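The next block holds one structure in the form of structure tokens; read it before the comments.
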Amino acid sequence: MIERQEIVMSYFNLAIDGPAGAGKSTIAKKIAKQLGFIYVDTGAMYRAMALYFLRNKIDATDSGAIEKACQKVDVTIEYRNGEQLVILNGENVNGLIRTEEVGNMASASSVNKAVRMKLVELQQSLAKKADVVMDGRDIGTYVLPDADLKIYLTASTQERARRRWLELKEKGITANLEEIEKDITSRDHRDMTREFAPLRQAEDAVYLDSSDLSIDEVVAKIVSLYEGVNKK
Ligand code: DC
């Protein structure tokens, strides 16, 4: 009797979680480029949903309205020249989701289970199709619990606020450092204390504090951890 053998392709899943401003997306992008992986920015998906809620004047605390709206929202991902594009109901919204207003709405609306369930499925299907570096808040704990390597990337609140302030300054936007720090603290609190899939370090995640490390140092550290996993 000929036994049928199924060849199951398994892809490397690298999960990076951490609070706002820890440098996750900059670092994840660099690692993806270096390793030839696809970068999946899950925050951008929550931001696209948030943009829909803002445009339609839906209150993040009105779970009924949020649930109803989720049935009408379609968020997908496309890649162009290696860059992730977020498509909201057919519209590329990449250029519209990086504001503080959208970021705060993403944090507030993502506490709703309906919002999370909608996006988690998309995230899991992407990780099944390619080697990915995926960043977010609940990747190692909820979305990809079996990820091959999990990183919890953080930095002090002061340092994260300073980085955000510099980023805005480079764009010609004058901002108040104290206000940014307050904003980051309340976003952390909301992301860490929500009931469903809150931000926390997975038990098997490597803790990395980037406060005193350069971007390249963090990238090198994670790549060497990846090489360690791959040699096993
Ligand atoms: O990473 P970011 O700043 O683009 O994310 C915006 C918000 O989206 C964040 O404050 C919380 C939410 N988010 C989430 O709940 N889960 C994720 N995996 C990614 C983002």
Side-chain angles (χ1 to χ4, degrees), residues 13-29 31-32 39-54 58 60-61 63 66 70 73 75 77 83-86 88 93-127 132-145 147 150-155 157 159-161 163-165 167-168 175 180-202 205 210:
N13 289 172
L14 201 165
I16 304 182
D17 289 301
K24 298 186 299 294
S25 63
T26 309
I27 282 151
K29 253 185 235 166
I31 292 169
Y39 167 51
V40 183
D41 174 357
T42 63
M45 300 176 189
Y46 287 95
R47 285 171 182 265
M49 295 279 271
L51 180 65
Y52 180 90
F53 300 140
L54 284 170
I58 295 167
T61 60
S63 56
I66 292 269
C70 280
V73 193
V75 173
I77 293 294
E83 189 200 357
Q84 175 186 287
L85 305 182
V86 190
L88 171 66
V93 293
N94 261 34
L96 305 171
I97 56 174
R98 294 288 151 206
T99 63
E100 296 304 295
E101 188 191 18
V102 173
N104 284 328
M105 181 54 155
S107 173
S109 57
S110 64
V111 305
N112 290 282
K113 195 172 175 183
V115 175
R116 308 202 70 79
M117 293 322 287
K118 188 152 186 101
L119 299 178
V120 165
E121 209 176 299
L122 170 64
Q123 292 155 10
Q124 289 174 333
S125 75
L126 288 166
V132 296
V133 180
M134 189 178 287
D135 77 355
R137 304 291 189 286
D138 59 341
I139 310 307
T141 51
Y142 188 82
V143 181
L144 305 175
K150 299 178 187 177
I151 307 292
Y152 188 83
L153 186 65
T154 189
T157 315
E159 178 57 20
R160 289 186 285 129
R163 288 177 190 169
R164 183 68 189 137
W165 181 82
E167 203 182 298
L168 290 170
I180 297 180
E181 208 175 310
K182 253 202 251 163
D183 207 51
I184 283 187
T185 307
S186 68
R187 178 111 71 101
D188 285 355
H189 180 74
R190 197 162 38 203
D191 293 348
M192 289 172 176
T193 56
R194 68 174 174 233
E195 201 177 319
F196 187 65
L199 166 66
R200 62 176 175 81
Q201 184 184 348
S210 73

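These numbers come from a predicted model, not from an experiment. Counting starts at 1 for both ligands and their atoms, in listed order.
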**OP:** Can you pull out the closest protein heavy atom to atom 7 (C) of ligand 1? Residue, atom name and distance to 0.1 Å, please.
**Re:** A106 CB, 3.7 Å
Original post:
Counting only heavy atoms, which portion of R116 has something under 4.0 Å from ligand 1: side chain, backbone, both, or neither?
Top reply: side chain
**OP:** Under 4.0 Å, heavy atoms only, figure out whether ligand 1 is touched by the backbone of R194, its side chain, both or neither.
**Re:** side chain
Original post:
Do K118 and V75 have side-chain heavy atoms sitting under 4.5 Å apart?
Top reply: no
Original post:
Got an N/O contact under 3.5 Å between D41 and ligand 1?
Top reply: no
**OP:** Looking only at protein heavy atoms, identify the closest one to atom 10 (O) of ligand 1 and say how far it is in Å.
**Re:** D191 OD2, 2.9 Å
Original post:
Who's the nearest protein heavy-atom neighbour of atom 3 (O) of ligand 1, and how far?
Top reply: R47 NH2, 3.0 Å
Original post:
Do we get K29 above Y39's six-membered ring, with its NZ or CZ under 6.0 Å from the centre and within 45° of the axis?
Top reply: no
Original post:
Hey, is CD on E167 packed in by over 12 heavy atoms from elsewhere, all under 6.0 Å?
Top reply: yes
**OP:** Could you check if a side-chain atom of V86 sits within less than 4.5 angstrom of a side-chain atom of D41, using non-hydrogen atoms only?
**Re:** no
Original post:
Nearest to atom 19 (C) of ligand 1, what protein heavy atom do you find, and at what distance?
Top reply: T42 OG1, 3.4 Å
Original post:
Quick check: does any side chain N or O of W165 sit under 3.5 Å from a backbone N or O of I180, one acting as donor and the other as acceptor?
Top reply: no
**OP:** Identify, for atom 8 (O) of ligand 1, the protein heavy atom at the shortest distance, and state residue, atom and that distance.
**Re:** Y46 CB, 3.5 Å
**OP:** Could you check atom 12 (C) of ligand 1 against the protein and tell me its nearest heavy-atom contact, residue, atom and distance included?
**Re:** S110 OG, 3.6 Å
Subject >> Evaluation steps, side chain to side chain donor-acceptor pair (under 3.5 Å), between S107 and D191 >> reply: CA-CA 7 Å; S107 173; D191 293 348; 2.9 Å; yes
Original post:
So which bit of A20 gets within less than 4.0 Å of ligand 1, heavy atoms only: side chain, backbone, both or neither?
Top reply: neither
Subject >> Nearest-contact summary for atom 9 (C) of ligand 1 - protein heavy atom, Å >> reply: R137 NH2, 3.3 Å
Subject >> Side-chain donor or acceptor of Q124 paired with backbone N/O of V143 under 3.5 Å >> reply: yes
Original post:
Do any N or O atoms from the side chain of D17 and from the backbone of G140 form a donor-acceptor pair under 3.5 angstrom?
Top reply: yes
